[in-house]
Number of protein chains: 4
Amino acid sequence: MSVAPLRGGQARMDELLTTTLDVLKETGYERLTIDEVVSRVHASKATVYRRWPSKSALVVAAFVHAVSHLPAEYDTGSLRGDLLAGMDDLLNEMERLADVMAGLIDEKRRNEELATALREGFLDTRRQVAAGAFARARERGEIAPDADVEMLWQIAPALVMFRWLMMGESVPREEGHRLVDEVVLPLARAGRPVSAPATPPPPPPPRRRAPPSS
Amino acid sequence: MSVAPLRGGQARMDELLTTTLDVLKETGYERLTIDEVVSRVHASKATVYRRWPSKSALVVAAFVHAVSHLPAEYDTGSLRGDLLAGMDDLLNEMERLADVMAGLIDEKRRNEELATALREGFLDTRRQVAAGAFARARERGEIAPDADVEMLWQIAPALVMFRWLMMGESVPREEGHRLVDEVVLPLARAGRPVSAPATPPPPPPPRRRAPPSS
Amino acid sequence: MSVAPLRGGQARMDELLTTTLDVLKETGYERLTIDEVVSRVHASKATVYRRWPSKSALVVAAFVHAVSHLPAEYDTGSLRGDLLAGMDDLLNEMERLADVMAGLIDEKRRNEELATALREGFLDTRRQVAAGAFARARERGEIAPDADVEMLWQIAPALVMFRWLMMGESVPREEGHRLVDEVVLPLARAGRPVSAPATPPPPPPPRRRAPPSS
Amino acid sequence: MSVAPLRGGQARMDELLTTTLDVLKETGYERLTIDEVVSRVHASKATVYRRWPSKSALVVAAFVHAVSHLPAEYDTGSLRGDLLAGMDDLLNEMERLADVMAGLIDEKRRNEELATALREGFLDTRRQVAAGAFARARERGEIAPDADVEMLWQIAPALVMFRWLMMGESVPREEGHRLVDEVVLPLARAGRPVSAPATPPPPPPPRRRAPPSS
DNA sequence: TCATAAGCGAGACGGTACGTCGTGTCTTACG
DNA sequence: CGTAAGACACGACGTACCGTCTCGCTTATGA
């Protein structure tokens, strides 16, 4: 769906992409209009369609553009410092991109490139930040050797995005830090629980039907 | 934007709403068309617009319809049993509604009724299931008295929805159970950490700019 | 290229067609815009495209509509009276349609329906008017029995259209009448010349080339 | 709108003009595309627009180029010979230009230069050929002194163009010669009719309305 | 001899119109 | 009266062409 940038006009491309992102934030994917975007930068529709074959491709490119920076790396000397730094970065990114992401989650189901952009441009960054921090912490003996890093890295983005996208609330810095101190760090230090309780899992509950059929 | 059901035709309404949900799952909010819905049930557009004033109202109603059942309540006698039962219910609901939710997250930003439906019909159910379970567990002394219930209940839905909507993966039952056993239960039992480390939080990291401007 | 008229809205169709004809007269085929037409009658493009598949089809229909009346028939009792009446009718029609025709002559080359409309709706009317007049005149003995009717009927429209379309002048009534009196009537009365001069036709002249190649 | 030939590249100009004429014949004015023309001669749009300021100017120039040769003059010694020679020339020109003319009649209404080109490059040639022939014939006493030359010269082009452009038929040489022998020559020899019949012209017929309103 | 200029191809660009499609309103005819 | 059918005004989409423009490349001349 993406298109090799034209020879000239790199500046024009950036302008189009950042403007697209602005409009996206303001109005959401559905209400975004190509005409609105081009009129803001005094361009013409052809200039857009010469680069991207459709509205959705334009929007995807704008998102890719927005998340295409080098993954952050923090080495503050302590696990807590690293995680707090990563959390601050996450919160900044969400502030910038939460509205845009909301408009793209549906599109992502049908657009492999967008899915890749989200994964590689955003999620992998979170994973790498956390993975690096945990690796250094393990060498320093700060955490249990069997800590489940693959689960741990997801906790912060999952909860932050849940709050932004599902609950519709922003997440203040202190909340994010509490999340690190009261959830991530304790779990990392404790490692996996000694043994999963032997009680067999209960039978699956009866499936619900959509309408309150009773 | 809300529903004014006509006297007759309750069955017709259900048919329209469930069909709307089907189309929504298949094609997403943006690509859903009223004509597609009505042609599937051999109805006419007027029949839809007599009941709901817009496409978004129809879709909201379909979602409300889908989540409008009594909140589940599980009392299995143990916290773990309750949480696992709640997790199974959550996983079932996600299986049924993940695609639909993806299509509505953007619309929710502009549609208060949809936001309410999501909150009351879906999230509050999760909260109540967990809150009840934790309350009983505290009475039984199974968990620390200062366990942060408001944070704890969010962990399961946040991580499950993160996996479904962000990572694009479904969550198998065993994974859900591991989440209960290795994250929720340990945190509940431990309660809040003795004291937040006294180290002052690091200064906020420099904000990133969108393009790799270096 | 034509389309069965929709059930309702015959009035709307007429309105669209006459407005199309107006715009056509004012601006010519090339500069005519669907948006201009629909905005004049407060219609929408879809209303046009529901009936006619393209701009050219609309314009053709407007022309067909404009020439779709019963062929005139004049029986004034004398050949001269009949021809003058036919001439007046021709001049009226040209006044009404000359600008339109100018815009359609090119399109006619590619549009069989338009060609048919021009032939049957306009030219055949001329032929029939003249043919009837000459037939009655021959019975009355007013003209030579061997008068070449197939050539005679063409003279009036050919010269009038030549003046309108090629020379860009309108033809006043007196000029038209002079044409009848000084060209058509004399030729009709004289019949074919006694014998074609026996001189063999000269050899065809050398073909010219486009550029003044000398 | 007129031509300002660049210093070099006369050959290029000819190439462009003749190619334009070709495309014009094939597709008509409206469908002619600058891109089509330049791609056929491996030129670029700038090369066209450096010479002619618009599509219509290019097309006009192509037509002017096509009709810009010295007016023919035939002096065969007899009126009939002159007229037949002129007719052959006319038929040749129509063969070459009928399609092009069809595409330009509409444009001519709005383009004074094109109107001039048609008049001076094509029509005046016909007029001069005929006028010369008739002048010599009058001196020789071959025609009536009061023959209406201004009307006579138009008959041949009017009828030939009528056949080509309105009826959509080509005109074979014999038909053209018949036209000379049976129409033009008899009228020229007879001169104006002795007296216009005294019958007053009939009242103008009722104007027709566009739709068959009865 | 080489530099300065000019025409050239290529094609991006701002516009404008096209023809299509979906929304939400409305009318018509049927049961 | 509710409904199926579908016409309608509106407005966005994605395409095509016009006329302008900038870019290098080539060529052709003049210092």
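Protein chains get the first letters and strands the later ones, always in sequence-line order, with residue 1 at the start of each.
No donor-acceptor distance shorter than 3.5 angstrom exists from the side chain of D:Lys108 to the backbone of C:Ala102, with no hydrogens or angles considered. A:Arg96 contributes a side-chain N or O that, together with a main-chain N or O of A:Ala66, makes up a donor-acceptor pair within less than 3.5 Å. When atom types are taken as modelled, the side chain of D:Ser44 and the backbone of D:Ala46 share a donor-acceptor pair closer than 3.5 angstrom. For C:Arg51 (side chain) and C:Leu16 (main-chain N/O), no donor-acceptor pair under 3.5 Å exists by modelled atom type. Counting only distance, with no hydrogens or angles, the side chain of A:Lys55 and the backbone of A:Glu30 share a donor-acceptor pair below 3.5 Å. Looking only at distances, no side-chain donor or acceptor of D:Arg109 sits under 3.5 Å from a matching main-chain atom of D:Ile105.
The side chain to side chain donor-acceptor pair (under 3.5 Å) search around A:Arg31 returns none, not counting sequence neighbours.
Ranked by how close their nearest DNA chain F nucleotide is to the 5' end, D:Ile34 and B:Ser44 are led by B:Ser44. Nearest-nucleotide mapping onto DNA chain E: of A:His42 and D:Val41, the residue sitting toward the 5' end is D:Val41. For the pair C:Asp35 and D:Ala43, nearest-nucleotide mapping onto DNA chain E gives the more 5' position to D:Ala43.
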Problem - Nucleic acid footprint by protein, nucleotides 25-31 of chain E - heavy-atom cut-off 4.0 Å, B for base, S for sugar-phosphate alone - result: BB-----

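Rounded to an integer number of Å, the gap from CG of D:Leu58 to P of F:dT20 is 13 Å. Atom-to-atom, NZ of B:Lys55 to P of E:dC21 comes out at 16 Å; the value is rounded to the nearest Å. Remark: C1' of E:dG14 and CG of A:Leu16 are 12 Å apart, rounded to the nearest angstrom. Rounded to whole Å, the distance from CD on D:Glu36 to P on F:dC17 is 10 Å.
Considering all non-hydrogen atoms of both residues, B:Arg12 and B:Val41 come closest at NH2-O, 2.5 Å.
Residue A:Leu32 is in sugar-phosphate contact alone, with no base atom involved, counting any heavy-atom pair closer than 4.0 Å across all strands shown.
OP1 or OP2 of F:dC18 has not a single side-chain nitrogen or oxygen of D:Ser54 nearer than 4.0 Å. Between F:dA9 and C:Arg12, a contact under 4.0 Å exists linking OP1 or OP2 to a side-chain N or O.
Put simply, the side chain of B:Thr33 and the base of E:dG22 share no donor and acceptor less than 3.5 Å apart.
Contacts between residues 23-31 of chain D and DNA chain E, defined by a heavy-atom separation under 4.0 Å, are absent.
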Exercise for the section: Given salt bridge (Lys or Arg N to Asp or Glu O under 4.0 Å), test B:Glu112 with B:Arg119 step by step and report yes or no. Expected result: CA-CA 10 Å; B:Glu112 190 49 46; B:Arg119 198 178 332 107; 3.6 Å; yes

